[in-house]
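This one's a predicted model, so the numbers in the text were calculated from it and none came from an experiment. The analysis underlying the following values was restricted to heavy atoms, covering all of them including side chains, and did not include hydrogens, waters or symmetry mates. Sequence positions, counted from 1, serve as the residue numbers for this chain.
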Amino acid sequence: MDQIDKEILMELQYDFPLHARPYDDIANKVGIGLQDLLERINNLKKDGIIKRIGFYYNFRAQGNEAALIAFEAGENYKKLAEIAMKDPLVTHSYLRSHPIYNVWIVAKRASNEELINLAERMTKESNSKSYVVLLSKRTYKLSVKYDIINGVSKAGKYALLPEHPPLLKDLGIDKDFPLSIRSIPINEKPYDFVLKKYDLKEEELEYIIKKLLEKGVLADPGAALDGEKLGFKENGMVVMEPNGNEELICECAASMSFSTHVVLRQSIPEGKWKHVSYAMVHATEKKKIEDMAKTLKEKCNPRDLMIIYSLADLKPGVVR
């Protein structure tokens, strides 16, 4: 990558235009022609640096539930990884540095009961020793973006999410609309398909997108990048045991620019896991993650704090 490529990636992440022809604006800001821009973006995607360009679709607006599930898998982690690889509703699967729970997945289902059943089934099928399900009580923040200049993750616009986003049916919007713009093509008119499918004018499309972002149905507009290919080799789950009000500690963590996810969780079995406030940090080196964790400890005042590092991505290549 040259300097122009880096500028393009920063624009795609942090200032993605919310109108029907976003690449025109980015070309003008970077100071290159549109065709040059499109060629560069396509090359970055071919190289795997750009996973997709589009919008995150809030699982709660889809009527779903999500959980972080930790398994005491020991040497059986490969079997567990095989099971997770075949499940399209398992969006993340990592080998992590916790001394007991070494495999951590993120799964989505229609109900919390289904998530607990999934954990039980996967534990039996993989001959793992035990599990803990960390249900998502509330997602405060979601924006996985990488500050290429400073080497630390930094959330973008529309990162904070409401507690209760509306369902699409309550907004009078087709249920497939968010899926149509989850990943948009790299060309002069990336929304042409959507405009034709829903018989919309450009200004109508722009209004709907902005409305869904404001309501928290959509989030994190722009490019989703492969952090590892940009040198962000380290990611740490900073898990905190609240010291009093568990919501305040999450609000504090969400206010930090470097946190890409902030979630308040509920432990199943109840009380088995006390570090229910979760924040994710990515960086080019562990020292930077440790510095950010120190900031969380000082500002948010948890009773206890742990950093659980990723050791291996057990479901690589998934466009989330």
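Contact check for Ile105 versus Phe71: side-chain heavy atoms found under the 4.5 Å cut-off. Side-chain contact between Met306 and His275 is present, with heavy atoms from C-beta onward closer than 4.5 Å. The side-chain heavy atoms of Arg265 and Val239, taken from C-beta on, include no pair separated by under 4.5 Å. Contact annotation: the side chain of Leu18 never approaches that of Glu206 to less than 4.5 Å [non-hydrogen atoms, C-beta and beyond]. Between Pro166 and Lys215, the closest side-chain pair of non-hydrogen atoms falls below 4.5 Å. In this structure, the side chains of Met237 and Leu68 come closer than 4.5 Å at one or more pairs of heavy atoms. Considering only heavy atoms from C-beta on, Met85 comes within 4.5 Å of Pro316 through its side chain. At a threshold of 4.5 Å between non-hydrogen side-chain atoms, the residues Met240 and Ile249 count as touching.
At a threshold of 4.5 Å between side-chain heavy atoms, the hydrophobic network of Ile, Leu, Val, Met, Phe, Trp and Tyr places Leu134 and Leu118 in two separate groups. The hydrophobic clustering, which links ILVMFWY residues whose side-chain heavy atoms are closer than 4.5 Å, places Phe232 and Leu9 together. Leu230 and Val152 fall into different hydrophobic clusters, where Ile, Leu, Val, Met, Phe, Trp and Tyr are joined by side-chain heavy atoms under 4.5 Å apart, directly or via other members. Using a 4.5 Å cut-off between side-chain heavy atoms of Ile, Leu, Val, Met, Phe, Trp and Tyr, with links allowed through other members, Phe16 and Leu38 fall into the same hydrophobic cluster. Note on Val263: it clusters hydrophobically with Met280, by side-chain heavy-atom contacts below 4.5 Å among ILVMFWY residues.
Annotation for Gly216 and Asn58: closest pair O-ND2, 3.0 Å, computed over non-hydrogen atoms. Closest of all the heavy-atom pairs between Ala293 and Ile307 is CB-CD1, 3.6 Å. For Pro17 against Pro22, the heavy-atom pair with the smallest separation is CG-O, 3.4 Å. In terms of heavy atoms, Thr123 sits closest to Lys129 at CG2-C, 4.5 Å. In terms of heavy atoms, Ile69 sits closest to Ala119 at CG2-CB, 3.8 Å. Ala110 and Asn64 get closest at one heavy-atom pair: CA-OD1, 4.0 Å.
Considering CE of Met122 and NZ of Lys79, their distance stands at 10.5 Å, rounded to 0.5 Å. For the atom pair CH2 of Trp273 and CD of Glu241, the computed distance is 10.5 Å after rounding to the nearest 0.5 Å. Rounded to the nearest 0.5 Å, atoms CD1 (Ile186) and CZ (Arg52) are 12.5 Å apart. Once rounded to the nearest 0.5 Å, the distance linking CE of Met292 with CD of Glu290 reads 10.5 Å. If you take CH2 on Trp104 and CG on Leu311, they are separated by 12.0 Å, rounding to the nearest 0.5 Å. A distance of 7.5 Å separates OG1 in Thr91 from NZ in Lys315, rounded to the nearest 0.5 Å.
Under the 4.0 Å criterion applied to side-chain N and carboxylate O atoms, Glu247 and Arg138 are not assigned as salt-bridge partners. Remark: Lys210 does not engage Glu214 in a salt bridge, criterion side-chain N to carboxylate O under 4.0 Å. Asp304 has no carboxylate O lying under 4.0 Å from a charged side-chain N of Lys274, or vice versa, which leaves the two without a salt bridge. For the pair Lys108 and Asp87, the salt-bridge criterion is not met [side-chain N within less than 4.0 Å of a carboxylate O]. A salt bridge links Asp36 with Arg40: the closest approach of a Lys/Arg side-chain nitrogen to an acidic carboxylate oxygen falls below 4.0 angstrom.
When the shell of 6.0 Å around CD of Glu75 is examined, it contains 12 or fewer heavy atoms from other residues, nucleotides or ligands. The environment of Lys189 atom NZ is sparse: at most 12 non-hydrogen atoms of other residues, nucleotides or ligands sit within 6.0 angstrom. Residue Lys272 places its NZ atom among more than 12 non-hydrogen atoms of other residues, nucleotides or ligands, all under 6.0 Å distant.
A ring pair (Phe, Tyr, Trp, His ring centres under 6.0 Å) check over residues 291-315, counting only residues at least two apart or in different chains, returns nothing. Applying the side-chain hydrogen bond (donor to acceptor under 3.5 Å, both in side chains) rule to pairs touching residues 225-239 yields Arg96-Asn235, sequence neighbours excluded.
Other members of the cluster containing Phe59 are Tyr56, Leu142, Leu161, with ILVMFWY side chains joined at under 4.5 Å, either directly or via other members.
Not a single donor-acceptor pair under 3.5 Å links the side chain of Ser267 to the backbone N or O of Glu270. In this structure, Ser153 contributes its side chain and Phe258 its backbone to a donor-acceptor pair below 3.5 Å. Asn102 contributes a side-chain N or O that, together with a main-chain N or O of Gly74, makes up a donor-acceptor pair within less than 3.5 Å. In this structure a side-chain-to-backbone donor-acceptor pair under 3.5 Å is missing from Gln13 to Gly156. Between the side chain of Lys6 and the backbone N or O of Met1 there is no donor-acceptor pair closer than 3.5 Å. Checking side-chain atoms of Ser143 against main-chain N and O of Ala155 turns up no donor-acceptor pair under 3.5 Å. Using modelled atom types, no side-chain atom of Arg303 and backbone atom of Asn243 make a donor-acceptor pair closer than 3.5 Å.
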Worksheet item: Under the side chain to side chain donor-acceptor pair (under 3.5 Å) criterion, do Ser259 and Lys141 qualify, and how do the steps go?
Response: CA-CA 8 Å; Ser259 60; Lys141 183 180 187 182; 2.9 Å; yes
Item to complete: Walk me through it: do Asp24 and His19 pass the test side chain to side chain donor-acceptor pair (under 3.5 Å)?
Response: CA-CA 10 Å; Asp24 293 62; His19 60 71; over 6 Å; no
Item to complete: Check the pair Lys287, Asp291 against salt bridge (Lys or Arg N to Asp or Glu O under 4.0 Å), reporting the backbone distance first and the verdict last.
Response: CA-CA 6 Å; Lys287 174 65 167 57; Asp291 289 343; 3.0 Å; yes
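Asp147 and Asn150 form a side-chain donor-acceptor contact under 3.5 Å, judged by distance and modelled atom types alone. Checked by atom type, the side-chain pair Arg60/Ser136 shows a donor-acceptor distance below 3.5 Å. With no hydrogens or angles considered, a side-chain donor-acceptor pair links Glu120 and Tyr131 at under 3.5 Å.
Classification of the Tyr191-Phe55 ring pair by plane angle, with boundaries at 30° and 60°, yields tilted. The aromatic rings of Tyr278 and His261 sit perpendicular to each other, their planes meeting at more than 60°, with 30° as the lower class boundary.
Not counting sequence neighbours, the partners of Lys29 by the side chain to side chain contact (heavy atoms under 4.5 Å, CB included) test are Glu11, Asp15. Residues passing the side chain to side chain contact (heavy atoms under 4.5 Å, CB included) test with Asn127, sequence neighbours excluded: Asn76.
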Can you give each donor-acceptor pair under 3.5 Å made by side-chain atoms of residues 171-181, sequence neighbours left out, with the distance rounded to 0.1 Å?
{"unit_1": "Asp174", "atom_1": "OD1", "unit_2": "Asp176", "atom_2": "N", "d": "2.8"}
{"unit_1": "Asp174", "atom_1": "OD1", "unit_2": "Tyr198", "atom_2": "OH", "d": "3.4"}
{"unit_1": "Ser180", "atom_1": "OG", "unit_2": "Asp176", "atom_2": "O", "d": "3.1"}

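For the pair Arg21 and Tyr23, the cation-pi criterion (under 6.0 Å, within 45° of the ring axis) is not fulfilled. Geometrically, Lys154 engages Tyr14 in a cation-pi contact, judged by NZ or CZ lying under 6.0 Å from the ring centre and within 45° of the ring axis.
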